Amino acid sequence: MLQAATNEVSRCHPNPRTHALEQRAVDVRKKKKKNGFCSTSTMHFFPDTSRELPGVLLFRLKGQLFPYNLNWKVPCFPFFNCNLDLFGVRRLHSQEIVRQKDSSSRKMSTWAVKTMDMDVTTEEDSVALRLSPAYETAMEALSSLITRQKRGGASKIGGKYKKLDRMLMYIKILGLEGHLGGLKIIHVAGTKGKGSTCAFCEAILRECGFRTGLFTSPHLIDVRERFRVNGLDITEDKFLLHFWDCWHRLKLDLQENLTEDLPMPPLFQFLTVMAFKIFVEEKVDVAIIEVGLGGKKDSTNVIKEPVVCGIASLGMDHMEALGDTLAEIASHKAGIFKPQVPSFTVPQRSEAMDVLRERANELMIPLEVVAPIDCKWLDGIKLSLSGDHQYSNAALAASLCKSWIRSTGNWEKLFQHDDKDSLPEPFIRGLSTARLFGRAQIVHDSSSNSSTVSMVNGAASGDLTFYLDGAHSPESLEACGRWFATVVKDDKNLLSLDSCLKTGIGEEVSENGFVYTGSKESNKISKRILLFNCMDVRDPQILLPQLVNTCATLGTHFSKAIFVPSISTYNKVTSGASAVPFHLPAKDLTWQFNLQRIWENILHGKGFPEKPLKKENPACFPPNNFLYEDISHCKPADGSFACSTVVSSLPQTIKWLRDCVKENPRLRIQVLVTGSIHLVGDVLKLINR
């Protein structure tokens with residue numbers, strides 16, 4: 001495909017593994033330019049293995065494009081033989097990469113891209129050089145950027161630069177400095193609901209006809225979930241393209257300007273600058289950016305001129321980083337407010353609202369408090385995200401979108417009038433179609449049933465349904481409890497959508513993948529099970545009672561509780577395709593036994609022993625009779641508990657639940673998975689297989 005390289009290539013690189021590539025080069029003849037450089041010259045690209053990095057082959061560029069000679073290296077991106085992009089990934093034939101030294105920083109350098117006309121000579125019958133690395137290799141590279149071994153641990157990043165200063169340097173290295181301001185951004189912070197608010201915003205504006213970009217965190221199954229373009233997760237090919245581009249540009253620059261003050265960016269900072277790069281190159285009309293942690297010092301707060309800012313509901317979470325009071329937490333969140341940028345929030349507790357208003361007054365910006373959305377505005381359509389708390393998130397999203405459309409001069413183009421007592425049709429469609437996995441999500445486990453509904457004694461076969469919500473703060477667990485208690489009451493006549501369609505049973509009214517039927521299933525045995533874990537930086541003595549009491553108030557009680565460690569580890573990034581071993585290595589279950597002790601103390605009251613619970617060899621899955629024993633079988637003094645158990649293997653627990661409903665067709669098991677977004681992601685990964 002590429003012309004034969006000069007003899008110098010083979011002399012410089014005798015490595016036989018790259019001998020074929022060494023015989024190829026790109027002969028680029030530059031046309032006359034206006035900047036006074038040479039009118040014609042030749043650039044030779046050839047492999048360089050002296051500084052090889054995983055996944056991408058480096059090429060050395062040698063030529064006299066400038067008033068002085070250069071001999072430096074640029075990465076060869078995956079699929080480089082097709083049209084590349086801005087920053088060297090499309091339009092290779094129309095770019096000149098100019099290396100400029102930044103006089104303001106001795107250790108910094110940037111890539112400036114100048115557009116020009118070039119002729120690239122190729123051979124159509126040559127074999128394409130596809131150098132895309134394996135996806136798992138990218139995950140390993142990402143994992144190397146994790147600087148904390150556990151949540152709440154100290155970061156290993158030091159040096160004289162602060163986080164946001166480093167972020168600006170990374171942005172400059174990637175050539176994004178002049179383009180970030182061109183993104184029309186909605187910036188959203190909050191303790192709970194900010195992800196849902198962002199998802200609603202994305203769906204609304206996409207329904208209005210805009211090309212959308214959405215950056216959220218964390219991911220549940222695959223890191224690509226964090227990056228959506230026009231409502232879809234970025235494809236694996238595009239992810240690899242952008243990932244290795246960012247990786248090697250940063251690696252090369254930081255290696256050539258080696259300093260402890262500017263290391264490779266930690267994981268979230270890397271993903272944040274990568275998100276900016278994706279949205280710039282994908283030419284989105286709007287970028288919806290969710291804050292990672294806090295606001296003031298968050299990596300996303302390099303956004304200097306968003307179109308509009310929003311703050312979702314605030315509560316007590318991440319106290320180790322944000323402070324022990326609601327006022328301190330609110331101060332961090334208010335850090336995303338910017339001068340001359342309108343801001344919105346939902347009703348907050350007074351100590352939080354006072355801080356938000358004070359910061360808005362300092363900046364002399366409007367801060368509008370948005371009441372929960374009125375159901376009548378939805379014209380009978382239900383929100384796609386379940387739970388009463390979503391009406392508040394939907395209202396915030398609608399206000400943010402209205403403000404964004406007006407600020408960008410698009411309101412009059414789209415809508416003839418502004419009715420404050422109703423929502424435009426695209427808004428309603430967006431609110432009814434937004435998606436966000438792991439938040440108030442219902443999944444019927446189809447693998448526990450055959451493709452058709454088997455009938456035993458006139459009733460459908462056993463059912464296993466997972467109710468997944470990544471709630472992990474007192475406020476979010478209260479909302480989770482209200483949602484779960486409400487939906488399980490309506491599930492008595494639920495069958496899976498697939499089953500009803502294949503048997504012709506039921507009405508044509510579906511919701512969340514289910515069909516409501518008019519059949520009676522009074523002979524079903526219902527068991528509600530809590531599958532729970534939380535990080536050890538949280539206080540389960542607050543979280544578990546909050547959940548139990550909320551459900552009990554609404555008449556919902558758990559038959560059993562299972563405490564199990566998550567599969568995901570804090571120091572490793574995995575993909576949806578990563579192998580999940582069925583038999584996991586032994587883990588320290590001290591934390592899970594502590595959770596069980598708190599749970600049993602809730603059930604038995606003050607008489608329950610306070611000493612820690614521990615078994616020498618905990619089971620991989622619950623005992624056979626565990627599901628059917630009641631509280632009368634509990635013998636705390638003997639360490640025997642009928643209402644809760646600790647198991648060491650999540651995959652084995654899922655298998656046990658499936659086996660239970662297969663063995664008993666009359667059984668309906670409703671499993672609430674909560675306490676940790678990582679646990680929710682692990683369960684989704686397992687049941688999707």
Side-chain angles (χ1 to χ4, degrees), residues 184-188 193-214 216 228-233 279 282-290 306-310 312 342-346 368-437 439-442 497 507-516:
K184 296 179 173 60
I185 292 173
I186 297 176
H187 201 191
V188 182
K194 64 182 186 292
S196 299
T197 299
C198 288
F200 279 133
C201 284
E202 188 280 327
I204 289 172
L205 292 175
R206 179 162 39 84
E207 289 291 342
C208 289
F210 297 103
R211 182 170 174 80
T212 59
L214 174 64
T216 59
R228 284 193 214 166
V229 176
N230 245 14
L232 299 176
D233 296 350
F279 297 152
E282 291 292 333
K283 296 180 174 58
V284 299
D285 298 315
V286 56
I288 300 103
I289 307 294
E290 179 190 2
V307 175
V308 62
C309 293
S343 297
F344 296 81
T345 189
V346 298
E368 183 176 333
V369 181
V370 182
I373 205 164
D374 194 326
C375 293
K376 68 181 181 181
W377 293 1
L378 300 176
D379 292 336
I381 303 297
K382 289 190 176 182
L383 298 178
S384 58
L385 303 181
S386 301
D388 292 342
H389 57 289
Q390 294 294 357
Y391 288 96
S392 181
N393 299 329
L396 178 59
S399 295
L400 291 171
C401 290
K402 283 184 177 181
S403 178
W404 185 92
I405 294 173
R406 289 194 183 98
S407 297
T408 55
N410 287 293
W411 186 268
E412 290 76 14
K413 300 176 185 177
L414 294 173
F415 310 111
Q416 300 299 320
H417 59 86
D418 185 7
D419 187 351
K420 294 184 178 181
D421 294 328
S422 64
L423 290 174
E425 182 61 29
F427 280 54
I428 296 176
R429 289 199 305 268
L431 293 174
S432 64
T433 57
R435 62 181 177 89
L436 190 65
F437 295 141
R439 281 76 163 182
Q441 183 181 1
I442 303 173
L497 179 60
E507 303 295 333
E508 295 181 355
V509 181
S510 63
E511 179 184 1
N512 290 335
F514 292 85
V515 173
Y516 286 93

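Everything numeric in this text was worked out from a predicted model, so none of it was measured.
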Tell me if a side-chain donor or acceptor on [X] pairs with a main-chain N or O of [Y] at a distance below 3.5 Å.
X      : Y      : result
Asn230 : Thr212 : yes
Ser384 : Arg435 : no
Ser403 : Ser399 : no
Arg228 : Ala199 : no

Tell me, do [X] and [Y] make a side-chain contact under 4.5 Å, heavy atoms counted?
X      : Y      : answer
Leu431 : Ile381 : no
Arg211 : Val229 : yes
Leu205 : Ile405 : yes
Phe279 : Ile185 : no
Leu214 : Cys198 : yes

inquiry  = Once rounded to the nearest 0.5 Å, what's the spacing between atom CG of Asp285 and atom SG of Cys208?
reply    =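 It comes to 11.5 Å.
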key: Residue pairs, two or more places apart or on separate chains, that pass ring-ring contact (aromatic ring centres under 6.0 Å, His included) and touch residues 384-406   =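 Listed once each, the pairs are Phe210-Trp404.
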request  = Assess whether atom CZ of Phe437 is packed by more than 12 heavy atoms of other residues, nucleotides or ligands within 6.0 Å.
outcome  =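 No, CZ of Phe437 has 12 or fewer neighbouring heavy atoms, counting only those of other groups under 6.0 Å.
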task = List in chain and number order the residues that pass side chain to side chain donor-acceptor pair (under 3.5 Å) with Glu207, two or more places apart in sequence or in another chain; answer none if no residue qualifies.
result =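 Arg429.
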task = If a pair satisfies salt bridge (charged side-chain N to carboxylate O under 4.0 Å, His left out) and one of its residues is in residues 193-203, list it, with sequence neighbours excluded.
result =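 For residues 193-203, and leaving out neighbouring residues, the salt bridge (charged side-chain N to carboxylate O under 4.0 Å, His left out) pairs sorted by first residue read Lys194-Glu290, Glu202-Arg206.
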